[in-house]
Protein chains: 2
Amino acid sequence: MTMDPHLLRTFVTVVRCGSFSEAARELGYTQSAVSQHIAALEADLGAALLRRRPVAPTGVGERLLEHAGPLLLRLDAARADIARLTTAPAARVVVGVAPLAMTHRLGAALAALRRQQPLVEVTVRALGREAVARDVATGGLDLGLFDGATAPHDPLHLADTGPLTTRAVTEQPLAVALPATHPLVGRAGLRLSDLADAQWIDAPDTAVPLAQLRAASETDGYRPALRYDGTDVHGLRTLVAAGHGLALLPRPAVGDVPGAGTAAAGLGVVAVPLSAPRLVHRIEVVHSSAVAGPAALLATALAADTRSKDPAGTPSRGPAEPPTEDAVEERGVRAG
Amino acid sequence: MTMDPHLLRTFVTVVRCGSFSEAARELGYTQSAVSQHIAALEADLGAALLRRRPVAPTGVGERLLEHAGPLLLRLDAARADIARLTTAPAARVVVGVAPLAMTHRLGAALAALRRQQPLVEVTVRALGREAVARDVATGGLDLGLFDGATAPHDPLHLADTGPLTTRAVTEQPLAVALPATHPLVGRAGLRLSDLADAQWIDAPDTAVPLAQLRAASETDGYRPALRYDGTDVHGLRTLVAAGHGLALLPRPAVGDVPGAGTAAAGLGVVAVPLSAPRLVHRIEVVHSSAVAGPAALLATALAADTRSKDPAGTPSRGPAEPPTEDAVEERGVRAG
DNA sequence: GCGGTCCATCAGCAATACTGATGACCATGG
DNA sequence: CCATGGTCATCAGTATTGCTGATGGACCGC
């Protein structure tokens, strides 16, 4: 009667599987039970949620899905959070890293941690952005490194899954990755709005997602010429070099150009700095505010020059502190 | 086993009531049932949640509370949202307004609506900030007007309760409200950081909440000399005039000074503009993205000069458009 | 039209979630 | 010092719920 989470869970499973029976198998129920679950939900809400044969959500069902996902996530997050409080912190850290959040600085911080506490078992897991956020909330990760494009000093926006603490790690300039043969290669800087009609590669987990560009520049456009689902920057660079489209990346990530100039040697990809709007690539570290043990150490090491602070203002999320400039990451990359 | 919302509901009720029996009465259960609910939760989570006699949450219980509130809210929001989709839109609008969001512009928009659609039954309800957000999410309000201090053009942050749409209505300069006898009265502008150690009135529902000041200026301080729980600006001005402390308000709200200068005639309150940090008072209109009927009209009228846009980027919340300058509100208030 | 697959429905059973009674505990006050 | 009125915990009993497993109708490919 109160929109039982169980029912929601089977609902989303059914939609994902596109099948009652398959969902039943996955959830360890009988098909009968699943059918009854859906019937109960539909009776409770007074509307059809699924069209059967083929199984697909109705309009109302679509809407319920938008609620059900975050709701179940938050539920899992709550359980995981109190579990963290009750069980002692293990001598183990699992760090989830979004592709563009993998920096030298993280490497150094990890090295320091392992030097300081050699017995701690450290795992680094490369993940997509949402996966990082989700797994930190649900306890699969002790620490997450998360990135995105924002105005300077503005925090990133996470889905609200409970009392998480986020702190800034780095802000870096953004650059457009162009194939070396592109006519715009010579430019000193590019305005994003001039590129709205260009060919873009949609790499939501690797580059700055096109949705963020649309939001920032308040236009539609930035239509994806190709979608890249990997979590690996090199793969994306290769696609850019092959002329499949542009991508917006933190300038250091476009190419580890050792000499002067902006052309990445042999990669066929060139970085041209973003001149407008004033956006930066920001990396934040995120963890439960109930974190303890080595993960807490690592978090403060990453956000070294900033004060630690617990949630204030909004209860759900601590304010992100102003970022420290990351000398390591900026080294050797001055615009030409 | 899956942290049944029923159990969470009784848990928060018990904490609020400070009593199992009282909570049972309120929820329509027997005391026995409530006792079993709590026991079930504690067994499920494997930790004591409440200290009995007197009844108070343990540390873990406190933590669970932080999750339970938003969770139940989101659950209610989901139910309300799909209810809005299924039932036809009524010829009725209920608008919730936070104290500082009550502007001439809203008055004008309401007038236009009533002229256009005389049969629509219009209700305006003055509420605190969280109440506005909550009731819009749970369907008690068709439309909410919400305010806060942010950097110019930055959206306000709402608790994430599902697919809501927010649009900017106004941005106004902020000013510190001082008693007329205050030594700083003559100043052309004030830096917030210089006032961290001043006496402040904490009026979270009326003025800019002190927590926001702390977050914006990244200091502790702004200790409340007195707390004001009303939702009425006049009451707050009176307290400021009596010297109980300062408050940060949108400049027009400090006093409707008709002549030149900044001293509000006879009120004993003086506005001195905030010179740093660069914060503005922003008003947004918020409603379900499933809104329809007269409420939708009113919403677009309020956000007149901006495009309407549905959620993009983050799935949960539409991006707030850049605000229009509100000539009406700014009239007659030029700094001296 | 026949086997296969799908979902809906029904009966039956087992687990659940209540109620109401009782008991332990702790105040307060005669 | 023991009564009294309050609290919450516990227990037995019962009504309801939520599952399984079987059956039946609808649809699809052959």
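These figures come from a predicted structure and were not determined experimentally. Reminder, nothing fancy here: chain letters follow the sequence lines and each chain counts from 1.
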Can [X] and [Y] be counted as an ion pair, charged N to O under 4.0 angstrom?
X        : Y        : answer
A:Asp160 : B:Arg74  : no
B:Asp205 : B:Arg129 : no
A:Asp76  : A:Arg79  : no

Not counting sequence neighbours, which residues clear side chain to side chain contact (heavy atoms under 4.5 Å, CB included) with A:Ala296? List them please.
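With sequence neighbours excluded, A:Ala296 shows a side chain to side chain contact (heavy atoms under 4.5 Å, CB included) to A:Val291, given in chain and number order.
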Please check this pair: side chain of [X] against backbone of [Y], looking for a donor-acceptor N/O pair closer than 3.5 Å.
X        : Y       : value
A:Thr86  : A:Ile82 : yes
B:Glu42  : B:Leu50 : yes
A:Thr58  : A:Leu49 : yes
A:Glu121 : A:Arg92 : no
A:Asp142 : A:Val94 : yes

I need the [atom1]-[atom2] distance between [X] and [N], as an integer number of Å.
X       : N      : atom1 : atom2 : result
B:Glu22 : D:dG5  : CD    : C1'   : 16 Å
A:Asp4  : D:dT16 : CG    : C1'   : 15 Å
A:Leu7  : D:dT17 : CG    : P     : 13 Å
B:Leu41 : D:dA9  : CG    : P     : 13 Å

Tell me, with the steps shown, if B:Val55 and B:Val14 meet side chain to side chain contact (heavy atoms under 4.5 Å, CB included).
CA-CA 8 Å; B:Val55 172; B:Val14 164; 3.9 Å; yes
Going by the rule ring pair (Phe, Tyr, Trp, His ring centres under 6.0 Å), which residues pair with A:His37 if we only count those two or more places apart in sequence or in a different chain?
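Ring pair (Phe, Tyr, Trp, His ring centres under 6.0 Å) list for A:His37, sorted by chain: A:Tyr29.
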First locate atom CD of B:Gln31, then atom CD of B:Glu22, and finally report the distance between them rounded to the nearest 0.5 Å.
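If we round to the nearest 0.5 Å, B:Gln31:CD and B:Glu22:CD are 12.5 Å apart.
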On DNA chain C, reading 5' to 3', which nucleotide is the first and which the last to sit with an atom under 4.0 Å from a heavy atom of chain B, could you check?
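Using the under 4.0 Å cut-off, the span is C:dC18 to C:dC26.
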Side chain to side chain, A:Leu73 and A:Arg134, heavy atoms closer than 4.5 Å:
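SC-SC contact between A:Leu73 and A:Arg134 confirmed.
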Go through residues 14-21 of chain A and report each residue with a non-hydrogen atom lying under 4.0 Å from DNA chain C, sorted by number.
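Within this stretch, A:Ser19, A:Phe20, A:Ser21 sit under 4.0 Å of the strand.
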Protein-nucleotides 24-30 of chain D N/O pairs under 3.5 Å:
none

Of the residues in residues 24-36 of chain B, which ones touch DNA chain D at a heavy-atom distance under 4.0 Å?
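Those residues are B:Gln31, B:Ser32, B:Ser35, B:Gln36.
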